[in-house]
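Below is one structure; the comments refer to it alone.
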There are 2 protein chains.
Amino acid sequence: MTTLKIDLIADNLISIHPLLYKSISKPLKHQSSITPGGMFVLGSLKRHGTQSMSDIGKCLSMPKPHVTVIVDKLIEEELVERQSDPNDRRIVNILLTEKGFEEFNSLKKDLSENLKIKLSKLNDQEQEILAIASQQMKEILISILSKE
Amino acid sequence: MTTLKIDLIADNLISIHPLLYKSISKPLKHQSSITPGGMFVLGSLKRHGTQSMSDIGKCLSMPKPHVTVIVDKLIEEELVERQSDPNDRRIVNILLTEKGFEEFNSLKKDLSENLKIKLSKLNDQEQEILAIASQQMKEILISILSKE
DNA sequence: AATAATAGTTATAATTTTGTAACCATTATG
DNA sequence: CATAATGGTTACAAAATTATAACTATTATT
């Protein structure tokens, strides 16, 4: 792979990052009591299903104490619950509650509403391109960045 | 536009966001003294050229006092400088210094190095797809999200 | 059985981000 | 000219993130 192409990708990602930050993390704060970190955890659980505390930390590059704080808060709001692992009693597995599922989908819907206004300014072709490009980016980024 | 397509895009963006956060904002902290906010400001200045304090705040959805704090820090590190506007003396224009350019490019290069390891696991076709998809996403997101 | 390693929590502090209100200087409006 | 509006800073407080160390409980290693 040419260095130029990598630089192009890096450049694009650096440009995209603050835009998503602005239109995803920030609006969240006004629509619910969930912090961006809490949203990340819900999203990780939605994708991976049940995860241990350590798994969550690895997926999101969060220090374990931070995961504890966030999960404590989510439990308080009844969005996730703890389950001790029957095979290894050190492990605490976290899973979404029904309410957690609904809350996550509700937040995603709010975000969609928010985006819809802006996306409606695009023509059909641009919408199609964005749908495909975001899907491709998501799949590739997950495959290479969510590891470790 | 069908609601389904918007939901798909929203879903993808929500998935992409934490991955970029993890691989862009977090590594920064270990490689330099620049905070994510500082990096956002440098990136905004790199793209838009000279910007007033208010412009920066609008571009990044940052409250003005926060912009002041970040810019103060960047000035202390000689990465940007203030210039009073000759036409309107209330306005303070911010611009990248030579050192700021270099620092930004250097950080981007570090990020590239970081990504290169992970990107190298992709085959040529996937790399090509990611380069194109990220470019398309960047352009469309900038056009609809960077406004206001 | 003793020791080391792992999973998670607790406690604490530092940093960053966000929000609000008050304030000054300058420009625009009536 | 008086007043309102704008651009920016200052000061302060609250929330969120990050980091570290110490600690308990459990499992793995020797």
Side-chain angles (χ1 to χ4, degrees), chain A residues 17-18 20-42 44 50-77 80-95, chain B residues 17-18 20-42 44 50-77 80-95:
Chain A
H17 177 43
L20 292 182
Y21 184 69
K22 173 182 171 182
S23 43
I24 295 183
S25 277
K26 298 210 171 170
L28 271 184
K29 299 185 179 170
H30 301 280
Q31 290 171 352
S32 78
S33 63
I34 295 183
T35 65
M39 189 64 179
F40 287 172
V41 170
L42 293 185
S44 185
T50 299
Q51 281 188 303
S52 71
M53 298 294 284
S54 294
D55 288 342
I56 294 172
K58 281 177 197 158
C59 270
L60 302 175
S61 290
M62 269 178 197
K64 282 196 295 182
H66 192 198
V67 177
T68 299
V69 171
I70 290 177
V71 167
D72 279 349
K73 203 169 186 179
L74 292 175
I75 286 176
E76 201 176 297
E77 299 167 28
V80 305
E81 60 184 38
R82 278 184 238 259
Q83 269 185 1
S84 61
D85 191 310
N87 300 323
D88 185 339
R89 290 190 302 174
R90 290 172 300 183
I91 297 177
V92 177
N93 291 310
I94 310 298
L95 49 121
Chain B
H17 177 44
L20 293 182
Y21 185 70
K22 173 181 171 181
S23 45
I24 294 182
S25 277
K26 298 214 170 166
L28 273 182
K29 300 187 178 168
H30 301 281
Q31 290 170 355
S32 79
S33 62
I34 293 184
T35 64
M39 188 64 179
F40 287 171
V41 170
L42 293 184
S44 184
T50 300
Q51 281 187 304
S52 71
M53 299 294 282
S54 292
D55 287 343
I56 295 172
K58 280 178 199 158
C59 270
L60 302 174
S61 291
M62 269 177 197
K64 283 194 296 184
H66 191 199
V67 177
T68 298
V69 170
I70 290 177
V71 167
D72 279 350
K73 203 169 185 179
L74 292 175
I75 286 176
E76 200 176 297
E77 297 166 30
V80 303
E81 60 184 40
R82 277 186 237 258
Q83 269 185 1
S84 61
D85 192 310
N87 300 324
D88 184 338
R89 292 188 301 174
R90 289 172 302 181
I91 297 177
V92 177
N93 291 309
I94 310 299
L95 47 123

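Values below: every heavy atom of this structure, side chains too, minus hydrogens, waters and symmetry copies. Chain A is the first sequence line, chain B the second, and so forth, proteins listed ahead of strands; every chain is numbered from 1.
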Relative orientation of the end axes in the helix from C:dA1-D:dT30 to C:dG30-D:dC1, expressed as an angle to the nearest 10° (five pairs per end): 20°
Nearest-Å distance, NE2 (A:His66) to P (D:dT20)? 15 Å
The nucleotide from D:dG8, C:dT16, C:dG19 with an atom nearest the side chain of B:Lys73 is C:dT16
Identify, with sequence neighbours excluded, every residue that meets side-chain hydrogen bond (donor to acceptor under 3.5 Å, both in side chains) alongside B:Ser23. none
Counting side-chain heavy atoms from CB outward, which of D:dA11, D:dA16, C:dT18 is closest to A:Thr35? D:dA16
Smallest separation among heavy atoms of A:Gln51 and A:Cys59, with atom names: NE2-SG, 3.3 Å
Nucleotide nearest A:Arg82 when distance is taken to its side chain, options D:dG8, C:dA7, C:dT9: C:dT9
Between D:dG8, C:dT20, D:dT18, spot the one nearest the side chain of B:Tyr21, thanks. D:dT18
Please give me the minimum heavy-atom distance between B:Ile34 and B:Gly38, naming the atom from each residue. CG2-C, 3.8 Å
side-chain hydrogen bond (donor to acceptor under 3.5 Å, both in side chains), that's the test. Do B:Gln83 and B:Thr50 meet it? Break it down for me. CA-CA 9 Å; B:Gln83 269 185 1; B:Thr50 300; 5.7 Å; no
What is the distance from CD1 of B:Ile91 to C1' of C:dA25, rounded to the nearest Å? 13 Å
For B:Met53 and C:dA25, give me the distance from atom CE to atom C1', rounded to whole Å. 15 Å
Think A:Thr68 has a side-chain N or O under 4.0 angstrom from the OP1 or OP2 of C:dT9? yes
Distance (rounded to the nearest 0.5 Å) between B:Ile94 CD1 and B:Asp55 CG: 10.5 Å
Approximate separation, where rounding is to 0.5 Å, of B:Leu60 CG and A:Lys22 NZ: 7.5 Å
Just the rounded figure in Å: distance from C1' of C:dT16 to CD1 of B:Ile34. 15 Å
Each nucleotide N or O in nucleotides 26-30 of chain D that has a protein N or O under 3.5 Å away: list the pair and distance.
unit_1, atom_1, unit_2, atom_2, d
D:dT26, O2, A:Arg90, NH1, 3.4
D:dT27, OP1, A:Arg89, N, 2.8
D:dT27, O4', A:Arg90, NE, 3.4

Note: B:His17 and A:Tyr21 closest approach over all heavy atoms is CE1-CA, 3.5 Å
Could you list all the salt bridge (charged side-chain N to carboxylate O under 4.0 Å, His left out) pairs where at least one residue sits in residues 85-94 of chain B, not counting sequence neighbours? B:Asp88-B:Arg90
For B:Leu60 and C:dG19, what is the distance between atoms CG and C1' respectively, to the nearest whole Å? 17 Å
Donor-acceptor list for residues 63-74 of chain B side chains, cut-off 3.5 Å, not counting sequence neighbours:
unit_1, atom_1, unit_2, atom_2, d
B:Thr68, OG1, B:Lys64, O, 3.3
B:Asp72, OD1, B:Arg82, NH2, 2.3

Rounded distance in Å - NZ (B:Lys64) to P (D:dC12): 20 Å
Please give, in whole Å, the distance from D:dG8 P to B:Asp72 CG? 13 Å
Using atom CD1 of A:Ile94 as one end and atom C1' of C:dT9 as the other, report the distance to the nearest whole Å. 12 Å
Taking OP1 and OP2 of D:dG8, is either one under 4.0 Å from a side-chain nitrogen or oxygen of B:Ser54? yes
